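Presented below is the structure to which this report refers.
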2 protein chains.
Amino acid sequence: MQNKDTQTHILMVASGLFASKGYSAVSMRDVASAVGVTVANLYYHFKDKEELIRASLSHVFFERMSPLEGLLQQYASLDDRLEAFVSWIVQVIFGDELFTRLVFRELMDGTDERLEYLNKTVFQEPFDLLVNLIAECSGEAAPVMTAVSVVSLVLGNYQLARVLPYLTGASVESSSIEAVTRQVLLVLRSTLAPRAARRKV
Amino acid sequence: MQNKDTQTHILMVASGLFASKGYSAVSMRDVASAVGVTVANLYYHFKDKEELIRASLSHVFFERMSPLEGLLQQYASLDDRLEAFVSWIVQVIFGDELFTRLVFRELMDGTDERLEYLNKTVFQEPFDLLVNLIAECSGEAAPVMTAVSVVSLVLGNYQLARVLPYLTGASVESSSIEAVTRQVLLVLRSTLAPRAARRKV
DNA sequence: GTCTATATGCGGATAGAC
DNA sequence: GTCTATCCGCATATAGAC
């Protein structure tokens, strides 16, 4: 694995470090020693730290893109597709911490330029798919806002998983992939149900 | 404002820098020069950088705690209280970027110890209030999971606001405090409505 | 309390040998 | 491609004068 392709090896190690500690908390020395090469070697492959960061992001984001559209077409009913979508996104967010943490870091500190890249590479296609799916399910709800809500539910459940154990009565299992999928679907279906949701409770 | 209380002045400036750039991206020099004192002076008031970070967090989190319980008691009906709660949390998250960004940074990189502190100081009381409110509204839904969903919706809408402009059809106004409040309430009420939400759409 | 001065090591980055 | 050696400014942190 060492000499297969140093550049790729560097990117794998660097992206892991950046994801877990943040860009400025990780030095070129840190990366080099984790990879098992010298700092000078890093600079042979990447012009500077900024380029290493960008390349790490590209590497992770590009690698992770799966054929979502094909996946959804396997399902006939709209509801099955919704379920497949939610199941997919929860699995991505909860199952790939490296990817997910990099996304959060970009949302926090990414430049406009880098965010636009993230958007084109990662968000645009699945988001449009979701918006269309929701639009077909319900003429009532604003599809974009509902789609944002779905994504928010998944992201929030991930982020809050770290503090939930401290909050009384919140068991660890409520942050499992299955539980979150169920909860998001429950909320989504309620929202899409076209009946009087605004009644006073 | 300079000589009123240097320590407080330092904390205000430091917390702003930490919130916007991240802990490791901000050096003691940065803080000192932004405050208008020397680095040595910083070390007179705070033992080391870690202590300055902790003190900044305490400063912000302590300052921001408002009497939420009293606010809710002004409303008679459960639904009005729900609305008041959602309105409150959206205003906190969207209206106080310094606070919100520090929360996100802690959720990402905070140590267990610091997260526990955040929890006790900030999350516990409003979260319990919300859980109880939801439990009273509906015997059906799991109140804790629903409460997590509410918080997730608010956090997610905030984080996604930065990429929404890039996504087709998403206008900037959908991230306004009013729009988000409306959307969260809409979703929450749908979820709490005890009718058959699981029907196929 | 706040400063000047300084210690010591880490940070990004490069030149040139192999 | 990868290394050794090095530059130099910045980082955290302290001692001691005022």
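Everything numeric here is computed off the predicted structure, so don't read it as measured data. Letters A, B, ... mirror the listed sequences (proteins, then strands); counts begin at 1.
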### Task
Answer yes or no: does a side-chain N or O of B/T38 lie under 4.0 Å from OP1 or OP2 of C/dT4?
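No, B/T38 has no side-chain N/O under 4.0 Å of OP1/OP2 on C/dT4.
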### Query
Between B/S27 and D/dA11, does any side-chain N or O lie under 4.0 Å from OP1 or OP2?
yes
### Query
Roughly how bent is the helix from C/dG1-D/dC18 to C/dC18-D/dG1 end to end, in steps of 10 degrees, with each end axis from five pairs?
10°
Find the distance [X]:[atom1] to [N]:[atom2] and express it as a whole number of Å.
X	N	atom1	atom2	result
A/F46	C/dA13	CZ	C1'	16 Å
B/Y44	C/dG1	OH	C1'	5 Å
A/R29	C/dG11	CZ	P	6 Å

How would you list, by chain and number, every residue that makes a side-chain contact (heavy atoms from CB on, under 4.5 Å) with [X], sequence neighbours excluded?
X	answer
B/V92	B/W88, B/F99
B/S20	none
A/S152	A/V148, B/L153, B/N157, B/L160
A/S33	none

Considering residues at least two apart in sequence or located in another chain, which fulfil the ring-ring contact (aromatic ring centres under 6.0 Å, His included) criterion with [X]?
X	value
B/F123	none
A/F94	A/Y158
A/F46	none

### Query
From A/E136 CD over to A/L133 CG, what is the distance, rounded to the nearest 0.5 angstrom?
6.5 Å
Tabulate protein N/O versus nucleotide N/O from nucleotides 14-18 of chain C, keeping only pairs under 3.5 Å, one per line.
none

### Contact nearer the 5' end of DNA chain C, comparing A/E50 with B/H45
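Its nearest nucleotide being more 5', the pick is B/H45.
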